[in-house]
**Student:** 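I'd like to ask some things about the structure below.
Every chain is numbered from 1, with letters handed out A, B, ... down the list of sequences. These values consider heavy atoms only, across backbone and side chains, with no hydrogens, waters or symmetry-generated copies.
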Amino acid sequence: MHDRYEFKAIEAKWQQRWDRDKTFKVTHQPGRAKYYVLEMFPYPSGKIHMGHVRNYSIGDVVARYKRMRGFNVMHPMGWDAFGLPAENAAMKRGIHPASWTYDNIAYMRTQLKAMGLSYDWDRELATCSPEYYRWEQLLLLRMLERGLIYRKQTTVNWCDDCQTVLAREQVIDGLCWRCDQPVLPKTMHGWFFRITDYAEELLADLDKLGGWPEKVVTMQRNWIGKSTGLACDFKVEGSDLTIPIFTTRPDTIHGVTFMSLAVEHPLLQTLTAGTGQARAVEEFIQQTLIEKQRASLDEEQDKRGVFTGRHCINPFNGERVPIYAANFVLMEYGTGAVMAVPAHDQRDFEFARAYSLPVRIVVQPEGEFLNPAVMAEASTVPGILINSGPFNGMDSLAAQQAIIEHAEQQGFGRAHVTYRLRDWGISRQRYWGTPIPVVHCDHCGIVPVPEQQLPVLLPGAGEPKGSHSPLHQQEEFIATTCPSCGQAARRETDTLDTFVESSWYFARYTSPDLTTAPLDREAARYWLPVDQYIGGVEHAILHLLYSRFFTKMLRDLGYLDVDEPFTNLLTQGMVIKDGAKMSKSKGNVVDPNDLIEQYGADTVRLFSLFAAPPERDLEWNAQGVEGASRFLNRVYRMVYQNLDCFRSDRPIDAESLNETSRQLYRKTHQTIRRVTESIESNFHFNTAISGVMELVNLTTSSVGEAENVDPAVLRQTLETVLTLLFPMVPHFCEELWQESGHPAQLNGAVWPQFNPEAAREDEITIVVQVNGKVRSKLVVAADADDQTLQRLAMADEKIARLLETKEPKKIIVVQKKLVNIVL
RNA sequence: GCGAGAGUGGCGGAAUUGGUAGACGCACUGGAUUUAGGAUCCAGCGGGCCUCGCUCGUGGGGGUUCGAGUCCCCCCUCUCGCACCA
């Protein structure tokens with residue numbers, strides 16, 4: 001025995017054994033309860049950071065715990081390996097992105113193994129390997145057939161720094177999510193997923209996600225942004241043109257006093273032609289477009305606009321209202337045209353005041369009298385309709401439906417649902433991604449690459465220094481023949497957004513080596529959905545929404561049988577140091593390598609689990625790591641100093657225990673209950689660990705007591721400590737388990753059995769309060785009844801002194817808790 | 001502005017249904033051991049006071065209750081997300 005345990009030797013020993021024996025390899029076993037635990041796979045950026053350590057420590061505890069509870073646990077790991085950093089790093093070093101990526105994977109794999117994480121490495125996958133992306137290309141072909149993918153020309157979000165298009169979800173505050181450079185609008189062709197076809201289901205099924213944090217569900221709900229209302233056509237006076245609008249407040253439609261169009265609205269040019277306003281409008285458009293680009297996003301612009309010289313007709317009352325181009329109307333939402341009701345919409349109100357346009361009240365709130373001449377802001381509350389022709393006197397909420405029905409009968413409008421969610425743009429103009437498997441033919445148009453010709457490989461991937469410029473610069477890649485007519489044709493040169501790969505990797509893990517199809521439906525049916533998914537909240541919208549979409553799409557394509565991919569989601573907090581997120585730029589990073597070198601993986605794992613509950617931010621504290629190390633060494637010494645107790649198999653005779661032994665026996669079982677509940681209810685490993693610490697503290701002091709601790713009790717206690725700690729510090733526990741003479745590995749052992757009889761308290765402490773303040777404590781039999789408690793409380797010396805001659809007004813007795821005497 | 005979450009010692013954090021606030025750990029203080037240091041062990045550790053005891057104390061202010069960190073109302077601060085969404 002040493003003073004401190006030799007973590008290096010011990011950790012190396014067990015890691016080698018787990019590797020050699022493939023201890024964590026699983027197969028799908030129909031009929032046996034499965035548990036699929038998954039942490040968001042890493043981007044192979046070079047080396048792991050503390051965020052990874054935390055994420056994977058949490059996942060590993062869950063995996064190991066569930067194994068100990070008898071589940072068939074799948075716990076896979078892989079690499080989100082396509083993406084821009086590889087390309088940039090490769091350019092800088094004059095190497096190929098593939099070699100940079102695979103080198104990083106090799107290194108990071110050794111790091112993960114050094115942490116003792118219980119992965120089934122036989123399921124490892126890398127999304128940049130043709131064995132993975134060929135199946136993604138096949139899925140793409142299926143989606144093309146179903147019309148779930150299409151190509152269109154639009155204004156896209158262009159990051160000049162990354163030289164690529166971004167999805168709307170990847171634009172954060174107007175900046176690129178990756179490089180923080182401003183994103184510019186650019187018109188170009190691109191490929192899109194029809195995620196909006198699934199908007200309604202993606203929204204409705206949020207209700208099924210009871211195991212997700214409310215925050216994430218809310219964020220997704222807002223992102224999808226469903227609005228219901230009226231779509232309605234306003235005829236342009238003196239022309240055949242109509243302007244379609246959408247409103248969520250059809251009840252206010254009689255209050256329309258003007259119409260405003262986004263500056264990008266396609267009708268503007270036509271409308272202004274020949275009105276004398278053409279030049280003014282054009283100038284306004286140009287000016288506004290410039291301002292929009294320049295505007296810092298947190299400040300709202302003043303409402304401004306310009307008259308187009310034209311009017312349109314409100315189909316409800318036949319009124320002619322002027323049409324304006326306005327700077328605050330969004331082309332991306334609704335129809336890009338807004339019926340303006342200044343009395344009941346704040347933006348319209350501000351605009352009307354600025355341009356002296358009429359304000360007409362049509363909803364009079366109960367108990368209020370709105371006066372358009374003096375009101376200072378729009379009134380948006382419900383009320384009674386006025387100035388609304390046949391709808392006068394109706395309740396505004398009821399009127400919404402009535403007005404929609406009226407529009408439908410008259411044929412100029414209809415009930416309409418609109419979403420904020422846009423189709424997902426997946427084209428990227430970069431090299432290191434999955435090639436989109438289609439060909440452009442002058443004669444046949446867009447032709448999918450036939451299935452048997454897959455994969456469409458990235459050119460030059462095999463060469464160490466091969467070219468990796470964007471595909472549109474690689475003539476050899478582009479030149480091909482049309483699969484349909486056989487004439488010369490050009491390959492598609494866009495590659496896929498890397499979020500496509502991460503949208504289905506969790507399903508591919510269920511049959512990672514399948515060479516005949518993307519997924520084995522049987523295996524997927526057994527393993528999916530993922531029971532517990534763990535990762536950072538920064539993916540609340542992007543990755544998690546895309547994965548939900550893919551799951552539904554794959555279900556509809558006949559590959560999967562589930563509606564949702566992740567039953568339970570745990571979003572772990574960030575790792576913080578000195579009050580800020582660890583990052584290279586802030587210079588506050590702690591390298592996990594150094595820590596593992598100095599303290600060992602078990603200590604690092606223990607600290608990261610102990611310092612905070614998983615969903616909260618974790619403040620890194622070097623002295624806290626010392627504490628974790630100290631604790632493990634204390635356990636180590638405690639086990640070694642008491643190895644004798646493992647010599648006998650004698651069962652515990654609960655009846656004949658002395659007080660010290662009885663106490664330890666009780667505490668042992670109370671700890672089993674507490675740790676189990678902490679893990680089961682919310683993965684609060686911090687309280688689980690503190691529970692074991694208490695047990696260890698009591699064990700140490702019990703062994704030091706004059707009264708001998710019963711060896712059978714001590715043995716059970718020590719075994720319990722090692723078993724409970726095993727999911728968190730596996731090498732350490734496995735070693736001590738073996739050293740204390742256990743032939744089987746803890747990995748296969750079952751979780752300790754909680755014995756309620758053993759945990760039962762014979763005597764409990766009752767608090768005695770006078771007027772709600774604690775004045776004394778009583779130690780009584782656990783089953784003492786109300787009368788006994790009351791009698792003992794009144795007889796207590798301190799209480800008696802306080803009461804003197806006063807008669808209690810009331811005495812409250814709470815079983816097993818307290819007695820409160822009210823004077 | 002809208003939405004979600006949080007506010008407890010010097011610090012990280014504990015506290016079933018409302019029932020002993022501060023578990024566990026870190027830091028700190030004193031002691032033992034040691035040539036010394038480290039490690040280890042023992043004791044103390046929210047504030048105040050007349051220190052066997054009393055009193056104040058969970059962001060602030062009200063309220064409900066025998067009793068409130070926990071429930072209700074108002075306010076403040078912080079974090080995150082969305083943001084001219086018609």
Side-chain angles (χ1 to χ4, degrees), chain A residues 3-4 172-173 213-223 225-227 229-230 245-249 252 260 262 297-303 326-330 332-341 344-348 350-351 418-420 537-538 540-541 573-574 576 606-607 610-613 615-628 630-631 633-634 637 674 677 681 684 686-694 696-697 700-701 704 765-777 798 808-823:
Chain A
D3 203 34
R4 302 174 75 87
I172 316 290
D173 292 339
E214 188 58 38
K215 174 183 172 152
V216 176
V217 171
T218 306
M219 280 168 70
Q220 291 213 357
R221 183 171 290 124
N222 293 342
W223 188 262
K226 179 181 182 177
S227 302
L230 168 72
I245 59 100
F246 171 74
T247 179
T248 55
R249 291 291 307 273
T252 65
S260 29
L297 287 116
D298 37 302
E299 69 184 79
E300 215 163 273
Q301 297 275 312
D302 284 342
K303 306 288 177 287
N327 67 342
F328 64 94
V329 179
L330 303 174
E332 313 86 73
Y333 185 79
T335 62
V338 178
M339 62 168 220
V341 185
H344 304 293
D345 181 282
Q346 184 58 25
R347 293 152 302 179
D348 298 344
E350 287 168 27
F351 192 88
T418 189
Y419 300 90
R420 214 187 78 108
V537 74
E538 66 271 20
I541 293 176
M574 292 183 299
I576 304 283
L606 186 69
F607 174 73
F610 178 62
E615 69 278 4
R616 271 212 231 181
D617 285 349
L618 183 154
E619 171 77 34
W620 194 262
N621 177 340
Q623 284 156 333
V625 185
E626 286 283 353
R630 208 153 25 198
F631 170 69
N633 281 308
R634 213 157 74 232
R637 285 191 299 273
R674 179 167 162 193
E677 280 172 4
S681 65
H684 277 196
N686 56 331
T687 53
I689 293 167
S690 75
V692 179
M693 284 173 168
E694 282 184 43
V696 169
N697 291 347
T700 328
S701 63
T765 303
I766 294 286
V767 170
V768 185
Q769 299 179 330
V770 176
N771 289 336
K773 286 183 177 161
V774 180
R775 297 298 175 183
S776 184
K777 289 169 192 177
K798 288 177 197 159
K809 278 194 202 129
K810 194 164 157 191
I811 298 178
I812 287 126
V813 180
V814 182
Q815 279 278 314
K816 295 181 197 273
K817 283 245 156 49
L818 58 74
V819 178
N820 188 11
I821 301 164
V822 186
L823 292 179

**Student:** Quick one: A:E350 CD to B:C84 C1', roughly how many Å, whole number?
**Tutor:** 9 Å

**Student:** Using a heavy-atom cut-off of under 4.0 Å over every strand shown, decide if A:N633 touches base, sugar-phosphate, or nothing.
**Tutor:**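 Touches nothing.
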
**Student:** From the list B:U17, B:G12, B:U20, which nucleotide is the closest neighbour of the side chain of A:K817?
**Tutor:** B:U17

**Student:** Go through B:A27, B:A86, B:G25 for me and flag the one nearest to the A:V329 side chain.
**Tutor:** B:A86

**Student:** Confirm from the modelled atom types if A:K809 and B:C66 form a donor-acceptor pair under 3.5 Å, side chain to base only.
**Tutor:**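 It does not, because no donor-acceptor pair links the side chain of A:K809 to the base of B:C66 below 3.5 Å.
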
**Student:** In whole Å, I'd like the distance from the OH atom of A:Y333 to the P atom of B:C82.
**Tutor:**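 Result: 17 Å.
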
**Student:** Could you check how far CE of A:M574 sits from C1' of B:A6, rounded to whole Å?
**Tutor:** 14 Å

**Student:** Would you kindly give the CG-to-P distance between A:N621 and B:G12, to the nearest whole Å?
**Tutor:** 10 Å

**Student:** Taking the side chain as every heavy atom from C-beta outward, state whether A:T218 and A:V216 have any pair of such atoms under 4.5 Å apart.
**Tutor:** no

**Student:** Please figure out whether A:V822 or A:S690 has its closest RNA chain B nucleotide nearer the 5' end.
**Tutor:** A:S690

**Student:** Any side-chain N or O of A:R630 less than 4.0 Å from the OP1 or OP2 oxygen of B:C26?
**Tutor:** yes

**Student:** Please determine, by modelled atom types, if A:E677 and A:H684 share a side-chain donor-acceptor pair under 3.5 angstrom.
**Tutor:** no

**Student:** When you check the phosphate oxygens OP1 and OP2 of B:U55, does a side-chain N or O of A:R775 lie under 4.0 Å from one of them?
**Tutor:** yes

**Student:** Rounding to a whole Å, what distance do you find between A:K773:NZ and B:G57:P?
**Tutor:**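 Those two atoms, NZ and P, are 9 Å apart.
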
**Student:** Can you tell if the side chain of A:N697 reaches within under 4.5 Å of the side chain of A:R634, non-hydrogen atoms only?
**Tutor:**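 When only atoms from C-beta onward are counted, A:R634 and A:N697 do touch, with a gap below 4.5 Å.
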
**Student:** Is the Lys NZ or Arg CZ of A:K303 less than 6.0 Å from the centre of A:F328's six-membered ring, within 45° of the axis?
**Tutor:**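 Positive - A:K303 is close enough to the ring of A:F328 and near enough to its axis.
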
**Student:** Ignoring backbone atoms, establish whether A:R634 has a side-chain N or O less than 4.0 Å from OP1 or OP2 of B:G25.
**Tutor:** yes

**Student:** When the C1' atoms of B:U34 and B:G13 are considered, how many whole Å apart are they?
**Tutor:** 35 Å

**Student:** Which whole number of Å gives the distance between the P atom of B:C66 and that of B:G61?
**Tutor:**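 Result for the P pair: 23 Å, nearest Å.
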
**Student:** Please report the distance, rounded to the nearest Å, between CG in A:D617 and C1' in B:C80.
**Tutor:** 10 Å

**Student:** Which residue in the set A:V814, A:V819, A:V813 passes side-chain contact (heavy atoms from CB on, under 4.5 Å) when paired with A:K817?
**Tutor:**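 Considering A:V814, A:V819, A:V813, a side-chain contact (heavy atoms from CB on, under 4.5 Å) with A:K817 is found only for A:V814.
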
**Student:** Minimum heavy-atom separation for A:F610 and A:I689, please, with both atom names.
**Tutor:**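 Closest pair (atom of A:F610, atom of A:I689, distance): CD1-CG2, 3.6 Å.
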
**Student:** Determine whether a donor-acceptor pair (one donor, one acceptor, N or O, separation below 3.5 Å) exists between the side chain of A:Q769 and the base of B:G19.
**Tutor:**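 Counting by modelled atom types and ignoring angles, a donor-acceptor contact under 3.5 Å is found here.
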
**Student:** Taking the C1' atom in each of B:U20 and B:A4, what is the distance between them to the nearest angstrom?
**Tutor:** 34 Å

**Student:** Between A:I766 and A:K816, what is the shortest heavy-atom contact and its length?
**Tutor:**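 So the minimum-distance heavy-atom pair works out to CD1-C, 3.6 Å.
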
**Student:** From B:G3, B:U40, B:A86, pick the nucleotide closest to the side chain of A:T248?
**Tutor:** B:A86

**Student:** NA contact type, A:D348, heavy-atom cut-off 4.0 Å: base, sugar-phosphate, or nothing?
**Tutor:** nothing

**Student:** Say you pick atom C1' in B:C54 and the same atom in B:G63; how far apart are they, in whole Å?
**Tutor:**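 Taking atom C1' in both B:C54 and B:G63, they lie 28 Å apart.
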
**Student:** Please give the stem ranges for RNA chain B, sorted by first residue number, where a stem is three or more consecutive Watson-Crick or G-U pairs and both donor-acceptor distances are under 3.5 Å.
**Tutor:** B:1-7 with B:76-82, B:10-12 with B:24-26, B:28-32 with B:40-44, B:46-49 with B:53-56, B:59-63 with B:71-75

**Student:** Could you work out which one of B:C84, B:A21, B:C80 sits closest to the side chain of A:K215?
**Tutor:**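 Shortest atom-to-atom distance from the side chain points to B:C80.
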
**Student:** When the distance from CD1 of A:I576 to P of B:G13 is rounded to whole Å, what number comes out?
**Tutor:** 10 Å

**Student:** To the nearest Å, how far apart are A:L618 CG and B:G25 P?
**Tutor:**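 The distance from CG of A:L618 to P of B:G25 comes to 18 Å, rounded to the nearest Å.
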
**Student:** Pick one: which of A:D617, A:L618, A:V537 meets side-chain contact (heavy atoms from CB on, under 4.5 Å) with A:M574?
**Tutor:**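 Option passing the side-chain contact (heavy atoms from CB on, under 4.5 Å) with A:M574: A:D617.
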
**Student:** Select one nucleotide: of B:G3, B:G12, B:A86, the one nearest the side-chain heavy atoms of A:F610.
**Tutor:**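 Within the option list, the nearest is B:G12.
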
**Student:** Check every atom of B:G81, B:C24, B:C26 against the side chain of A:E694 and return the nucleotide holding the closest atom.
**Tutor:**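 That would be B:C24.
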
**Student:** Mind checking A:P213 for me? I need base, sugar-phosphate or nothing, with any heavy atom below 4.0 Å counting as a touch.
**Tutor:**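 It contacts nothing in the nucleic acid.
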
**Student:** Do you see a donor-acceptor pair shorter than 3.5 Å between the side chains of A:Y333 and A:T418?
**Tutor:**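 Per modelled atom types, A:Y333 and A:T418 side chains form no pair under 3.5 Å.
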
**Student:** How far apart are the closest heavy atoms of A:M339 and A:D348, and which atoms are they?
**Tutor:**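 Residues A:M339 and A:D348, closest heavy atoms: O-OD2, 3.8 Å.
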
**Student:** Let's see if you can work this out: which of B:C24, B:C82, B:C84 has an atom nearest to the side-chain heavy atoms of A:W223?
**Tutor:** B:C82

**Student:** For atom P, what is the distance between B:G38 and B:U29, given to the nearest Å?
**Tutor:** 12 Å

**Student:** Identify which nucleotide among B:G13, B:G3, B:A86 has an atom closest to any side-chain atom of A:T218, counting heavy atoms from C-beta outward.
**Tutor:**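 Taking heavy atoms from C-beta onward, the closest nucleotide is B:G3.
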
**Student:** Using the C1' atom as the point on both nucleotides, what is the distance between B:G67 and B:G53, in whole Å?
**Tutor:** 23 Å

**Student:** How would you label the contact of A:G627 with the nucleic acid (heavy atoms, under 4.0 Å): base, sugar-phosphate, or nothing?
**Tutor:** sugar-phosphate

**Student:** Could you measure between the two C1' atoms, the one in B:G5 and the one in B:G9, and give it in whole Å?
**Tutor:** 24 Å

**Student:** Which nucleotide, B:G67, B:A86, B:C85, lies nearest any side-chain atom of A:T247?
**Tutor:**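 Nearest to the side chain of A:T247 among the choices is B:A86.
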
**Student:** Using a distance-only test with no angle check, is there a side-chain donor-acceptor pair under 3.5 angstrom linking A:N222 and A:R420?
**Tutor:**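 No pair is found: no donor N or O on one side chain lies under 3.5 Å from an acceptor on the other.
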
**Student:** Just N and O in the side chain of A:S227: are any of them under 4.0 Å from OP1 or OP2 of B:A86?
**Tutor:**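 For A:S227, the contact criterion (side-chain N or O under 4.0 Å from OP1 or OP2 of B:A86) is met.
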
**Student:** Which part of the nucleic acid does A:V338 contact within heavy-atom distance under 4.0 Å: base, sugar-phosphate only, or nothing?
**Tutor:** base

**Student:** 5'-most contact on RNA chain B: A:N327 or A:R674, nearest heavy atom basis?
**Tutor:** A:R674

**Student:** Kindly say if A:K810 contacts the phosphate of B:C66, meaning a side-chain N or O under 4.0 Å from OP1 or OP2.
**Tutor:**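 Yes, such a contact exists.
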
**Student:** Check whether any side-chain nitrogen or oxygen of A:N686 sits under 4.0 Å from OP1 or OP2 of B:A14, and answer yes or no.
**Tutor:** yes

**Student:** With rounding to whole Å, what would you report as the distance between B:A21 and B:G46 at their P atoms?
**Tutor:** 14 Å

**Student:** So, is A:R616 near the phosphate of B:G13, with a side-chain N or O under 4.0 Å from OP1 or OP2?
**Tutor:** yes

**Student:** Going by the glycosidic torsion and a 90 degree boundary from 0, is the base of B:G9 oriented syn or anti?
**Tutor:**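 Because its glycosidic torsion lies within 90° of 0, B:G9 adopts the syn conformation.
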
